[in-house]
Amino acid sequence: SAIGKGYAISSAVLVSFALFGAFTVRAGISRVDALDPWTFTGLLYGAMMPFAFSALTMKAVGKAANEMVRECMSQFPRIMRREIYPQLDASE
């Protein structure tokens with residue numbers, strides 16, 4: 001498992017270097033100074049964005065899962081008492 005994660009991380013690093021290299025060629029940038037405040041800020045911002053989008057996605061999935069569990073918990077006792085059939089299209 002750890003070896004697979006290592007390969008995944010290393011391939012992601014290689015892809016990011018390739019994309020950065022393609023960007024510098026396409027934008028006509030001859031050198032990059034990582035100590036320049038604007039460049040450093042851009043690097044930090046660019047490194048943060050995948051984590052931010054991943055966190056937003058995980059939060060949305062967690063909310064949807066909690067709503068689904070809440071709906072199942074509200075229906076289950078009445079289904080077991082045979083008061084209702086499962087309401088598969090419940091959207092409240």
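Values reported hereafter were calculated over all heavy atoms of this structure, with side chains retained and with hydrogens, waters and symmetry mates removed.
- Here L43 is tied to no hydrophobic group at all, with no ILVMFWY side chain closer than 4.5 Å.
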For residues 50-66, which side-chain N or O atoms pair as donor and acceptor with protein atoms under 3.5 Å away, sequence neighbours left out?
{"unit_1": "S54", "atom_1": "OG", "unit_2": "P50", "atom_2": "O", "d": "2.8"}
{"unit_1": "T57", "atom_1": "OG1", "unit_2": "F53", "atom_2": "O", "d": "2.8"}
{"unit_1": "N66", "atom_1": "ND2", "unit_2": "G62", "atom_2": "O", "d": "3.3"}

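- Under the salt bridge (charged side-chain N to carboxylate O under 4.0 Å, His left out) criterion, R81 pairs with E83, not counting sequence neighbours.
- Clustering of Ile, Leu, Val, Met, Phe, Trp and Tyr side chains at separations under 4.5 Å places I84 together with I79.
- The side chain to side chain donor-acceptor pair (under 3.5 Å) pairs that include a residue from residues 28-46 are D36-T39, where partners are two or more places apart or lie in different chains.
- Residues that satisfy the side chain to side chain contact (heavy atoms under 4.5 Å, CB included) test with T24, not counting sequence neighbours, are F20, I29, V32.
- Looking at residues two or more places apart in sequence or on another chain, you find no side-chain hydrogen bond (donor to acceptor under 3.5 Å, both in side chains) involving S16.
- Here V69 is tied into one hydrophobic group with M73, each link being a pair of ILVMFWY side chains closer than 4.5 Å.
- Without hydrogens or angle criteria, Q75 side chain to Q87 main chain gives a donor-acceptor distance under 3.5 Å.
- Applying the under-4.5 Å side-chain rule to Ile, Leu, Val, Met, Phe, Trp and Tyr, the cluster around F76 extends to M80.
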